[in-house]
There are 2 protein chains.
Amino acid sequence: MTNKVSEYGICPFATTQRVLTGKWALVIIYQLSTGTKRFKELQRLLPGITQTILTRHLRQLEKDKIVQRKVYAEVPPRVEYSLTEMGQEFRVVLDAVEKWGLDYIKLLEM
Amino acid sequence: MTNKVSEYGICPFATTQRVLTGKWALVIIYQLSTGTKRFKELQRLLPGITQTILTRHLRQLEKDKIVQRKVYAEVPPRVEYSLTEMGQEFRVVLDAVEKWGLDYIKLLEM
DNA sequence: CTGAATCCGCTCCGATACTG
DNA sequence: CAGTATCGGAGCGGATTCAG
């Protein structure tokens, strides 16, 4: 998918939907919203995700300017991921999702 | 995808992500949040979506208890879609998404 | 540790045609 | 008007292998 806004018009919902494409996008953003994380750390926090998929999502979120990647020239290599400013502003959405999601889970359990 | 909570644990983010699966889910929920709509009406409000896809999404959102479907025994047939109570509570998320999305679009335009 | 490169299978999108 | 049936193609997930 491309980044061009023109293809999605000015609809904030369609645009956000595109950013949230993929099974893990929302959870990854949430995990990064709690602080900077290393690659391996993220993988542990996302039970079931593979290296390939995690990398793919992180690359896409980088393109989308939601995630920042910082590489340290060390041995062994260290790479840290964090949210950009735009990513941090997503906090408001995350909070709403968290509350709604918990209520929704309760509903499904009934 | 199934509805079983057990497969997604108690993570509100993974659960919400699953509900929002698909290119049009978020926009459909938004359109219904502004009031009950007929099928054709929805299709007009979602430029580019086909009958097949709209139907498929609506069926899934029904399964997920987000959308209600009401059929009137008339000729020509009339079917109205609206949000369930759980769907209406999603309003909070929609509001946050709308604000963030608009800011995000501005960022991309720079 | 943090990847990249393949490859396969499944799901989802969407076009088309048909129906009550 | 409001769908269903079918089908091709694209996108995504995930396993595996190799590399700096």
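Values reported hereafter were calculated over all heavy atoms of this structure, with side chains retained and with hydrogens, waters and symmetry mates removed. Labels below follow one simple rule: chain letters A, B, ... track the order of the sequence lines, proteins then strands, and each chain is numbered from 1. Computed from a predicted structure; not experimentally measured.
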Does [X] pair with [Y] as a salt bridge, N-O distance under 4.0 Å?
X: B:Asp95; Y: B:Arg91; answer: yes
X: A:Glu41; Y: A:Lys37; answer: no
X: A:Glu109; Y: A:Lys106; answer: no

According to a strict under-4.0 Å criterion, is [X] in side-chain N/O contact with OP1 or OP2 of [N]?
X: A:Trp24; N: D:dG14; value: yes
X: B:Arg69; N: D:dA2; value: no
X: B:His57; N: C:dC13; value: yes

Under 6.0 Å from the CD atom of B:Glu85, do we count more than 12 heavy atoms belonging to anything else shown?
no
Whole angstrom is fine here: how far is it from [atom1] in [X] over to [atom2] in [N]?
X: A:Tyr81; N: C:dT2; atom1: OH; atom2: P; value: 8 Å
X: A:Gln60; N: D:dG13; atom1: CD; atom2: P; value: 11 Å
X: B:Lys23; N: C:dA15; atom1: NZ; atom2: C1'; value: 13 Å
X: B:Arg59; N: C:dC12; atom1: CZ; atom2: P; value: 16 Å
X: B:Arg18; N: D:dG13; atom1: CZ; atom2: P; value: 15 Å

Quick one: sort the B:Tyr30 and A:Phe13 rings into parallel, tilted or perpendicular, breaks at 30° and 60°.
parallel
Does [X] reach the main-chain N or O of [Y] with its side chain, forming a donor-acceptor pair under 3.5 Å?
X: A:Glu62; Y: A:Val67; result: no
X: B:Trp100; Y: A:Met86; result: yes
X: B:Thr84; Y: B:Ile66; result: yes

Contact list for DNA chain D against residues 28-44 of chain B - heavy-atom distance below 4.0 Å:
B:Arg38, B:Phe39, B:Lys40
Positions of residues 47-56 of chain A (non-hydrogen atom under 4.0 Å from DNA chain D), listed by number:
A:Thr50, A:Thr52, A:Ile53, A:Arg56
Interatomic distance, A:Thr50 atom OG1 to A:Arg56 atom CZ [nearest 0.5 angstrom]:
8.0 Å
Check whether any side-chain heavy atom of B:Tyr81 lies under 4.5 Å from a side-chain heavy atom of B:Leu61, and answer yes or no.
no
Which of residues 72-79 of chain B sit near DNA chain C, with a heavy atom under 4.0 Å from it?
B:Pro77
With no hydrogens and no angle check, do the side chains of A:Tyr72 and A:Glu80 hold a donor and an acceptor under 3.5 Å apart?
yes
